[in-house]
Structure formats: structure tokens, C-alpha cells
Amino acid sequence: MRGHQRTGRSPPGRGADPFNRLPRCGGERCFKLDSMPERPIADVLAGTVAVESRVRVKGWVRTRRDSKAGFSFLQVSDGSCFAALQVVADKALPNYSTEVLHAGPGCSVSVSGTLVDSPGRGQRVELRAEELIVLGRVEQPDTYPISPKRHSFEFLREVAHLRPRTNTFGAVARVRHCLALAVHEFFDQNGYLWIHTPIITASDTEGAGELFRVSTLDLSRLPMTAGGEPDYSRDFFGREAFLTVSGQLNVEAYCQALSRVYTFGPTFRAENSNTSRHLAEFWMIEPEMAFADLSANADLAEALLKHLFRAVLERRPDDMEFFDKRIHRGAVARLQAVVDKPFERLTYTDAVRILQRSGRRFEFEVSWGADLHSEHERFLTERHVKGPVVVTNYPKGIKPFYMRVDDGGETVAAMDVLAPGIGEIIGGSQREERLEVLDRRMAECGIEPQPYGWYRDLRRYGTVPHAGFGLGFERTISYVTGMANVRDVIPFPRTPGNADY
RNA sequence: UCCUCAGUAGCUCAAUGGUAGAGCAUCCGGCUGUUAACCGGAGGGUUGUAGGUUCGAGUCCUACCUGAGGAGCCA
């Protein structure tokens, strides 16, 4: 992999270090000018700071242990890596009894000292403090929510502004960042352009009704038409507008000129779904490629997922070790297995046959033409394949109008990628590029052609076979980390009845 | 939206219809190159909300609110 140097590893003391450019706060001593190089804890622990050299770190105290022999151990974290740095503070420090002995969990500190080999077990190096400044104290430590003990994820959701201070949510944030970068890296390396599709749209991709309305009309004094309907011609856009449920239709337009494109951004669904796999606001990755069929689409999905998993395994071994040990036993081995072997591929028709012959009693009967239920998908991916599986060529009656009708006319070139523990992680298809077939499908699905004039134009002017899919970013993070609920892999989750923070 | 379960100390949970408790966290003391520290002590409660049954309700009943798991919808 190229280009993976941390910017924080630039030479110390010249202002090139981004940490030195953070605004200072917490008292005049913070502004003291000296030559002490300031470094992220990740760099200190990674060995880029020489033992016996002097360094300053800034962060938050995780725990403090006092020794009556006359010194204290503080675990200090700044979020740059999973591990905290052990700081040894001697009673000789002028503020030892007044401040250091009261610097408990959550306090922000600036520590300058000498990095030394640690005589204790559990860490290679430690920082022998020569100056320890408490920048911000914790008021009422007895009710500080992030006390050094186990917390349930349900509780931490109620303090979403404080939960990034925990091991788990720090690790999630770093893995999420790593995955986001790897997404862009993968597409860039494969000749895809990142298209910023609009957040506010007028059309609904699926023809469904679960949209958030965007309006500047005064709800208490709605202008009405003669027919008694709200008069959206008086609204901001002169028509109805909504938050996007998918960038697919827009990105298809750019695909039909630039060949390989993708979107990666927030998506909104006003569905009243209360599950561990759904959010009202989530992030989605949607590539679209021209001159491509369903098979190429599945190849792309597999290559993308493998790239993402490989990137996390290589670049965040510290966080992945934590997830593997504390959140989901075997998380690392599971990812490694996915990277190492080809994805299984099944047609819907084969999948139905496998389910019918499995000898298992399902709550919902399996019959050709009906959509697969969660229990069926789980059987396929968790019991039958024991890994990711691509299911293709679904009956057209259960899929949207834009999917390409297969030869034979009964199925469409759709695909779902199913993953153990998550279910559907990717949904995609080869798109219908034939105008007359598209029109017939829109009519069958009861969709008004008028709002889709521009979408039909793409088939009227130089149409080509093309395909794409949507990958749920939170579901991907959930799979990678083993975090069971997507509400815990996005910083501030939005779900029905919940938009605090 | 439907089904099931659960709301008691900062957190995680106990408590046959009969005096509201423990562990962790916090604070104080002791011990210790500590690291899931250990030992002792202290503070900390309108039992989700509103009604009802009862001599008596954390416990039983009704409604509502909140959360979790599952389902549907999907990514």
C-alpha cells in the first residue's frame, strides 16, 4: 500500500506537527514557548520517539494508580491509537499533592518528560513526567458517566457525546476512518471517480414512500391549493423535495459519461424500523460501472470487500485485536478467511432449492417467487456457506423497476451479498438499459414516468449495459468489528424517536 | 408498526405482598513499580410516569413512556 505515512510523523518542533497547531487552552502555562517536541501517543508507542529523549503528550487520563512509595501511574490516552501511554509522576513534582493526586479518569492533561524503558510489565516504554499540567478537571467524579468499569452499550448510547472516550468507541472511530479511506483508495486505484450526488432530491429511487421531507413552508400556516392539498409550488424548490434515499439514479447519469463512478455519503430513510441493522441516517457506498454485466458487478463487490477487510487487518491491528478479544471472538480469523477465499455465488433459484432440501423447518415457507426472509438468508450464509455469499437473479416481481430483465423474462439481474451475522450487506443489479423494457417495467410497477424523464433520457441517448450496487457502510463496520448493533458504529445514531446530540 | 422481555444507587443487578441490598465506580484511610490492583471505611434511593387493588405494593392490575431482542422494510 502506498502513501500511508501519518502526517503526525513529520519532524518535531517545527509547527509541522498537526497537534502543535491545535488551539491551546486551559491557562497561561499552556502558552509557554519551549523546544519540547509534542507528539501523538501513537508515535511515542510506535518507537518513533527515541528512548531517553524528551517529549510532550496531551490527552485524557484513563486511570490513575498511586503508590505510597511516592509516585503515581497515569494511563493517558489521546485517541491516536488503542493503547494508552503510562505516565509516571513522582511526588517531587511541585503540584503532586495538589493536582496530580486528584487527576482522575476523564481529566485532560499535558505531560512533558523523558521517555524511558519501563521496568514494569505491560508496556515497553513509559513517560517519566517532569511537568504535569491538569488542563481540565472532572467535576463531580462520582457521577462522571465514563467511570473505569464495564458499561452496557445501551447506557453509552445515552451519553453519545462521552462514549468516544471508551476503548470500544475509540476503536470503532479509528476503524471507521480506516475503512472510509480504504473505500476511496480502492476506487481511486481502479479508475473510479467520486461523484458528489445531491442530498436533496425530488425523486424517490424505489418508488417507496419512506422519505424525509425538506421544506421551508410554515407548518402552522400551510399554503393550500384549490384542491385542499399543500401548495408545494410555494415551497423553496417550487416543488416537493426530500432527503435522498439513494444516489444511484444520479450516479447512473455520470456513469453514462465517465464509465466508472461511485458515491459515498449519507442517506436517509424515514422508515419506522427498530432493529440492530437499520438507521434513519446512514452512509452508503454506491459504485456504478458502464459496459458491465451482473457478473462484473459481483466481481467488483467481492474485490471491494476484500480490499476493505485487508486494509483494516493491516492498518489497525491494535483495534482489531481488541475486537477479537473483547467484542467478538474470532473476528480477525473471520475477516482473514473472507480475504483468502473466493465468494460463493448462487442463483436465487438454486438458493430456493438448497433451502427446500435443507430439511429445516422455517417459520416462513420457501417457495419460488417469494422473497427470502432473514431466517433464510441467515441459513444460507451462516450454515450452508459459512461465509459471504452472492445470491443472484431474483424473480422480477420482488425487485424494483430499474433492474435488468433476464432472458426468459421471469427474473432480473439482481444480486445481494449476504454476510454472517448481518444478513444483506450489499444490494445491487445490472440496470435495465433498454428503453422499451424499462418503460414496460415502470408501468408494471405502477411508477409515473413523468418524474423519470431525465432517467429515461439516459436510455435514449447512447445507452450501454451498466451495473452497480449499494454497500451499507455501517453494516460493513459492524461485520468487521463484530459490534452487534449499527447504532454503535456511527458516532451519533439517528433512529425513530431519537435525534439527541 | 407487530410480538416478547426489561425499567430499583453514577453503572450492572438482587430483594415469598411485610424494615430497599450487593458488586463495580466515587470519596477518605492503609498497602504496593502499579497496570481488571489489593484491604478497610463512608456517602449515595420519590424503585420509569399516572392511576387502581390491599391493613400494607419494588413486587399484583390498567394505561402511558423509555430501552433491548426478534419480525417486517431494507443498506
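A, B, ... follow the sequence lines: proteins, then strands. Residue 1 opens every chain.
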| task | Side chain of A/Phe73 only, please: which of B/A75, B/G72, B/U34 is the nearest? | result | B/U34
| field | First of A/Ser67 and A/Glu363 reached from the 5' end of RNA chain B, by closest nucleotide | value | A/Ser67
| query | Base, sugar-phosphate, or nothing: which does A/Phe282 touch, judged by heavy atoms less than 4.0 Å apart? | reply | base
| Interatomic distance at C1', B/U49 relative to B/A6, whole Å | 16 Å
| request: Evaluate salt bridge (charged side-chain N to carboxylate O under 4.0 Å, His left out) for A/Arg64 paired with A/Asp66, printing each intermediate quantity in order. | output: CA-CA 7 Å; A/Arg64 191 193 74 246; A/Asp66 303 317; 2.8 Å; yes
| So which nucleotide from B/U1, B/A25, B/A75 ends up closest to the side chain of A/Ser147? | B/A25
| request: Taking Watson-Crick and G-U wobble pairs with both distances under 3.5 Å, convert RNA chain B into its dot-bracket string, 5' to 3', dots for unpaired and | for cross-strand pairs. | output: (((((((..((((....[..)))).(((((.......))))).....(((((..]....))))))))))))....
| query | Hey, is the side chain of A/Arg277 poking within less than 4.0 Å of OP1 or OP2 on B/A71, counting only N and O atoms? | reply | yes
| Whole angstrom value for the distance that separates P of B/G44 from CD of A/Gln140 | 15 Å
| request: Report which part of the nucleic acid A/Leu279 touches: base, sugar-phosphate, or nothing (heavy-atom distance under 4.0 Å, all strands). | output: base
| request: Using the C1' atom as the reference point in each nucleotide, state the distance between B/A42 and B/U59 in Å, no decimals. | output: 31 Å
| query | Separation of A/Glu377 atom CD from B/C74 atom P, in whole Å? | reply | 10 Å
| Closest to side chain of A/Lys149, choosing from B/U34, B/G10, B/U1 | B/G10
| Out of B/A37, B/G67, B/G10, which has the shortest distance to the side chain of A/Arg157? | B/G67
| If only atom types and distance count, is the side chain of A/Arg441 paired as donor or acceptor with the main-chain N or O of A/Lys396 below 3.5 Å? | yes
| message | Checking A/Gln123 against A/Ser118: is there a side-chain donor and acceptor pair closer than 3.5 Å? | response | yes
| query | Contact class for A/Asn485 (heavy atom, under 4.0 Å): base, sugar-phosphate, or nothing? | reply | sugar-phosphate
| query | So what does A/Glu126 touch, heavy atoms closer than 4.0 Å: a base, only the sugar-phosphate, or nothing? | reply | base
| A/Tyr96 six-ring face occupied by A/Lys91 cation (under 6.0 Å, within 45°) | no
| query | Could you state the CD1-C1' distance from A/Ile422 to B/C74, rounded to the nearest angstrom? | reply | 14 Å
| query | When the P atoms of B/U1 and B/C39 are considered, how many whole Å apart are they? | reply | 49 Å
| task | Answer yes if the ring centres of A/Phe268 and A/Phe282 are under 6.0 angstrom apart, and no otherwise. | result | no
| message | When you compare the ring of A/Tyr144 with the six-membered ring of B/G10's base, are the centres less than 5.5 Å apart and the planes under 30° from each other? | response | no
| task | Please determine, for the side chain of A/Arg487, which listed nucleotide (B/C73, B/G69, B/G33) has the closest atom? | result | B/G69
| Given atom CG of A/Leu372 and atom C1' of B/G72, what is their separation to the nearest angstrom? | 15 Å
| message | Under the side-chain hydrogen bond (donor to acceptor under 3.5 Å, both in side chains) definition, can you give me all pairs with a residue in residues 482-497 of chain A, not counting sequence neighbours? | response | A/Arg157-A/Asp488, A/Arg163-A/Asp488
| message | Taking atom types as they are modelled, would you say the side chain of A/Gln123 forms a donor-acceptor pair with the base of B/U34 within the 3.5 Å cutoff? | response | yes
| field | Spacing of the P atoms in B/U54 and B/C61 (rounded, Å) | value | 16 Å
| Integer-rounded Å distance: B/G67 P and A/Glu158 CD | 8 Å
| request: Could you give the distance separating B/C27 and B/C65 at their P atoms, to the nearest angstrom? | output: 40 Å
| A/Arg269 side chain to A/Glu281 backbone, donor-acceptor under 3.5 Å | no
| Hey, does the Lys NZ or Arg CZ of A/Arg334 hover above the aromatic six-ring of A/Tyr479, less than 6.0 Å from the centre and inside 45° of the axis? | yes
| Considering only heavy atoms and no angle criterion, is a donor-acceptor pair shorter than 3.5 Å present between the side chain of A/His151 and the base of B/C11? | no
| query | From B/U26, B/A71, B/A75, pick the nucleotide closest to the side chain of A/Ser374? | reply | B/A71
| task | Kindly determine whether A/Phe73 and A/Phe71 satisfy ring pair (Phe, Tyr, Trp, His ring centres under 6.0 Å), including the steps that lead there. | result | CA-CA 7 Å; A/Phe73 302 96; A/Phe71 41 88; 5.6 Å; yes
| task | Considering only atom C1', compute the distance from B/C5 to B/G52 and round it to an integer number of Å. | result | 24 Å
| Across the strands shown, which category fits A/Gly470 at heavy-atom distances under 4.0 angstrom: base, sugar-phosphate, nothing? | sugar-phosphate
| field | A/Ser295 side chain to A/Asp293 side chain, donor-acceptor N/O pair below 3.5 angstrom | value | no
| With respect to the side chain of A/Pro141, which nucleotide from B/C27, B/U1, B/G33 is positioned closest? | B/C27
| request: Write down the distance between CD1 (A/Ile146) and P (B/U26), rounded to a whole number of angstrom. | output: 13 Å
| query | Hey, is the side chain of A/Asp66 pairing donor to acceptor with the base of B/U34 inside 3.5 Å? | reply | no
| Protein-nucleotide distance (A/Glu210, atom CD; B/A75, atom C1'), rounded to Å | 14 Å
| Given atom CZ of A/Arg64 and atom C1' of B/U34, what is their separation to the nearest angstrom? | 12 Å
| field | Given RNA chain B, 5'-ward residue of the pair A/Gly122 and A/Ser273, judged by closest heavy atom | value | A/Gly122
| Between the base of B/C74 and the side chain of A/Arg475, is there a donor-acceptor distance below 3.5 Å? | yes
| said: Categorize A/Gln86 for me: base, sugar-phosphate, or nothing, with a 4.0 angstrom heavy-atom threshold over every strand shown. | reply: base
| If you check the A/Thr275 side chain, which of B/G33, B/C73, B/C74 turns out closest? | B/C73
| said: What's the gap between B/G7 and B/U16 when it is taken at their P atoms, as a whole Å value? | reply: 13 Å
| query | How far does the C1' atom of B/C2 sit from the matching atom of B/G43, given to the nearest Å? | reply | 46 Å
| query | Quick one: does A/Thr392's side chain have a donor or acceptor within less than 3.5 Å of a partner on A/Met415's backbone? | reply | no
| Per A/Ser152 side chain, nearest of listed nucleotides B/C11, B/G72, B/U34 | B/C11
